[in-house]
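Only one structure is covered here, and it is reproduced in the block below.
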Amino acid sequence: MADLRRHAEVRDWVVRGAFYDQCALTRVPTDRMSWPEVERLLRAKEVGGLVARSEDEIAFLPPAKQRLREWLWSLRAFARYTGDSTQKAGTGSA
């Protein structure tokens, strides 16, 4: 998490929260414990986007990735990915 915070801060982005779910990567964002707060911040325009190591950490399967991209686009929000995730499907966090 610290590397993601540094990535944002060196760009002068204000970090509003750090969210970490312990669940299988194959779970869609809406099924994750932390996602409602992420969604609220984005919908309310309290944040302009999100930062993660990989899109896989948010949406692993292709249909979920497409829905995430379309949803972010509809909000005019960005997603910035800092590099490949080391997580495997079915394990880890997002």
Side-chain angles (χ1 to χ4, degrees):
M1 288 293 220
D3 61 322
L4 297 174
R5 181 176 291 275
R6 279 191 300 278
H7 181 87
E9 289 174 345
V10 299
R11 288 159 179 76
D12 292 326
W13 297 342
V14 176
V15 176
R16 291 291 309 268
F19 303 95
Y20 181 85
D21 284 328
Q22 292 184 321
C23 65
L25 290 175
T26 53
R27 290 185 64 185
V28 295
T30 54
D31 289 345
R32 296 176 183 201
M33 185 187 295
S34 297
W35 190 254
E37 180 62 8
V38 173
E39 187 173 4
R40 186 195 70 75
L41 290 167
L42 287 163
R43 285 188 186 279
K45 305 276 189 232
E46 292 182 36
V47 297
L50 53 87
V51 178
R53 282 185 199 87
S54 168
E55 185 179 45
D56 288 348
E57 293 184 346
I58 301 168
F60 189 77
L61 300 173
K65 288 181 183 197
Q66 186 62 35
R67 282 190 301 273
L68 174 66
R69 293 171 191 159
E70 290 171 359
W71 181 71
L72 289 169
W73 176 256
S74 75
L75 297 176
R76 302 297 186 249
F78 71 86
R80 176 68 179 239
Y81 305 112
T82 63
D84 290 333
S85 171
T86 58
Q87 302 295 323
K88 301 286 187 232
T91 65
S93 64

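Along the sequence shown, the residues carry numbers beginning at 1.
- Summarising the geometry of Gly48 relative to Leu42, their closest heavy-atom pair is C-CD2, 4.3 Å, with the distance given to 0.1 Å.
- The CG atom of Leu50 sits 4.5 Å away from atom CD1 of Ile58, with the distance rounded to the nearest 0.5 Å.
- To the nearest 0.5 Å, atom CZ of residue Arg40 and atom CD of residue Glu46 are 4.5 Å apart.
- In this structure, Asp56 and Lys65 have side chains that are in contact, with non-hydrogen atoms separated by less than 4.5 Å.
- Across all non-hydrogen atoms, the minimal contact from Gly49 to Ala77 is CA-CB, 4.4 Å.
- With hydrophobic clusters built from ILVMFWY side chains whose heavy atoms lie under 4.5 angstrom apart, Leu75 shares a cluster with Val47.
- Salt bridge absent: Glu70 and Arg67 never bring a charged side-chain N and a carboxylate O closer than 4.0 Å.
- At least one cation-pi condition fails for Arg69 and Trp71: the charged atom is not both under 6.0 angstrom from the six-membered ring centre and inside a 45 degree cone around its axis.
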